[in-house]
Asker: 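Here it is: the structure, laid out below.
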There are 2 protein chains.
Amino acid sequence: MLPGPLSGPVAERSDAARNRARLLAAAQELIAECGVDALTMDGLAERAGVGKGTVFRRFGSRTGLMMTLLSESEAAFQARFMFGPPPLGPGAPGLARLIAFGEARIAYIMEHGDLVRASESTYPSRYEVPAALLWQRHVEFLLAQEGMDADPPVMAMALIAALEPERLLHAVQVQGIAPERLTGTWRELVTRVVGGP
Amino acid sequence: MLPGPLSGPVAERSDAARNRARLLAAAQELIAECGVDALTMDGLAERAGVGKGTVFRRFGSRTGLMMTLLSESEAAFQARFMFGPPPLGPGAPGLARLIAFGEARIAYIMEHGDLVRASESTYPSRYEVPAALLWQRHVEFLLAQEGMDADPPVMAMALIAALEPERLLHAVQVQGIAPERLTGTWRELVTRVVGGP
DNA sequence: GGACTAAACGGACTACGGTCCGATTAATAT
DNA sequence: ATATTAATCGGACCGTAGTCCGTTTAGTCC
């Protein structure tokens, strides 16, 4: 017994752990050198000195790799709006939390840039990843708390659409729009939606 | 002179016109038989009896092919909100036109389904295709007309995000949300945004 | 009709994400 | 130490979008 830290249903084999570490390190190096978009799965396997099959067993897909690279930041973000201090976390009014949620999300997207974009899965699973479902429920809950009368699920979907990484990054990186304008518009948007007639 | 209808800078060679017609017919057949997602460029070339290079010279990319298949419908949609009768076309108040625009767009997406999804180009050109720029300017104009005080460009972007085909089709096809709920939420959204504080 | 030219043709080729399966090896039991 | 087993490994393989370039051909001019 006790083959190591008794985490999860079964322990990870030592070679698997070694290769996972190698792959993550190689991925971060490649991204630092050439950017996220230039990272290919073949190139990663070669750089890490493992076979291509190993890369895909570990991460499932290119998207899965990117999600893994972001998983700690993503978990921290989730923790902040679920359990952290107000106004992002519980304790503040719904509107304030909605505003803070959008601001935090925009900051997160700007901070991680192309990596967030590359971590978006392709249709149709894009809207079914746990993180997306969590945001949906969170915004829906805050809308209901603010007395949103009509169709909170669909309204939450519409609001979250305004926070799509691809669109926001295009606005900032290509159109040259300052991130403050994005947060300002988000504040305006949710304020009018919850405070409207 | 007069090698045919003097349209455009230079006439199209007869074999080119013949192959384009063959390709479009074959594409529609394949889509009718197996669905949009099952259409491959190799399969299309074979079905049409032309080389693969010809397919790509004609349409540039798979996305370009899909856009071509939609071009007539798309042009009709644009004509309706730019020159057609109110409330979609000019003559109605800005808010009424905004509501009508979203309703028409949602109906268009539902009508053409997966074809719209497949006609979306990949980042970053997705937000730079002429149609997308036109919608952006249109919504921006209507917002300004309604006296939107703060940052119409970014607010227009946020509203248009709520009309993304991929998201709406997922809501309807996968989540089973009725299209009427989408149009109702759009109406609610834009009404509150332009009528807000 | 024949020569000329620019455009169109077509299929071999590349790049990349993702799959498969026989070979390998780490952990465990004896 | 050895046998056993189940997970892991690795690279050949596949499908598809997109590119390249030598060959063909439609249209034009004499």
Asker: When you match Asp42(A) and Gly51(A) each to their closest nucleotide on DNA chain D, which lands nearer the 5' end?
Answerer: Gly51(A)
Asker: Can a salt bridge be assigned to the pair Arg80(A) and Glu103(A) using a cut-off of 4.0 Å between side-chain N and carboxylate O?
Answerer: no
Asker: Taking only side-chain N and O atoms of Asn19(B), does any of them lie within less than 4.0 angstrom of OP1 or OP2 on dA8(C)?
Answerer: no
Asker: Give the C-alpha distance, both sets of side-chain angles, the deciding distance and a yes or no for side chain to side chain contact (heavy atoms under 4.5 Å, CB included) between Leu182(A) and Met110(A).
Answerer: CA-CA 11 Å; Leu182(A) 302 179; Met110(A) 295 306 140; 3.8 Å; yes
Asker: Looking at Arg13(A), I'd like to know whether one of its side-chain N or O atoms comes within less than 4.0 Å of OP1 or OP2 on dC9(D).
Answerer: no
Asker: Specify the separation, in whole Å, of atom CZ of Arg47(A) and atom P of dG10(D).
Answerer: 17 Å
Asker: From CG of Leu65(A) over to P of dC16(C), roughly how many Å is that when rounded to an integer?
Answerer: 15 Å
Asker: Check this one for me: any side-chain N or O of Arg57(B) less than 4.0 Å away from OP1 or OP2 of dG10(C)?
Answerer: no
Asker: If you assign Thr40(B) and Ser14(B) each to the DNA chain D nucleotide with the nearest heavy atom, which residue ends up on the more 5' nucleotide?
Answerer: Thr40(B)
Asker: Charged N to carboxylate O below 4.0 Å: is that the case for Arg18(B) and Asp15(B)?
Answerer: no
Asker: Is it the case that the base of dA12(D) and the side chain of Lys52(A) share a donor-acceptor contact (distance under 3.5 Å, atom types as modelled)?
Answerer: no
Asker: Just how far, in rounded Å, is P of dC9(C) from CE of Met41(B)?
Answerer: 14 Å
Asker: To the side chain of Val50(B), which of dT8(D), dA12(D), dG10(C) is closest?
Answerer: dG10(C)
Asker: With Glu128(A), which residues qualify under side chain to side chain donor-acceptor pair (under 3.5 Å), at least two apart?
Answerer: His170(B)
Asker: Base, sugar-phosphate, or nothing for Arg20(A), non-hydrogen atoms under 4.0 angstrom?
Answerer: nothing
Asker: Report yes if at least one side-chain N or O of Thr54(A) is closer than 4.0 Å to OP1 or OP2 of dG10(D); otherwise report no.
Answerer: yes
Asker: When you check the gap from the basic side-chain N to the acidic O, do Asp149(B) and Arg192(A) get nearer than 4.0 Å?
Answerer: yes
Asker: Can you tell me how far C1' of dG18(C) sits from CZ of Phe59(A), to the nearest Å?
Answerer: 15 Å
Asker: Using side chain to side chain donor-acceptor pair (under 3.5 Å) as the criterion, list what pairs up with Gln78(B), not counting sequence neighbours.
Answerer: Glu74(B)
Asker: Measuring to OP1 and OP2 of dG17(C), would you say a side-chain N or O of Arg62(A) lies under 4.0 angstrom away?
Answerer: yes
Asker: How long is the line joining CG of Asp37(A) and P of dC16(C), in whole Å?
Answerer: 12 Å
Asker: Name every residue in residues 113-132 of chain B that has at least one heavy atom under 4.0 Å from any atom of DNA chain C, in order of residue number, or write none if there are no such residues.
Answerer: none
Asker: Does the side chain of Val193(A) come within less than 4.5 Å of Leu98(A)'s, by heavy atoms?
Answerer: no
Asker: Can you confirm if the NZ or CZ of Arg97(B) lies within 45° of the ring axis of Phe81(B) and under 6.0 Å from the centre of its six-membered ring?
Answerer: no
Asker: Where the side chain of Phe56(A) is defined as all heavy atoms beyond and including C-beta, which of dA26(D), dT19(C), dA17(D) is the nearest nucleotide?
Answerer: dT19(C)
Asker: Arg18(B) has an atom CZ; how far is it from atom P of dT25(D), in whole Å?
Answerer: 10 Å
Asker: For Asp15(A) and dA7(D), what is the distance between atoms CG and C1' respectively, to the nearest whole Å?
Answerer: 8 Å
Asker: Identify whether any heavy atom of Arg58(B) sits under 4.0 Å from a base atom; if not, whether one sits that close to sugar-phosphate; answer base, sugar-phosphate or nothing.
Answerer: sugar-phosphate
Asker: What's the CZ-C1' distance between Arg22(A) and dG10(D), to the nearest Å?
Answerer: 13 Å
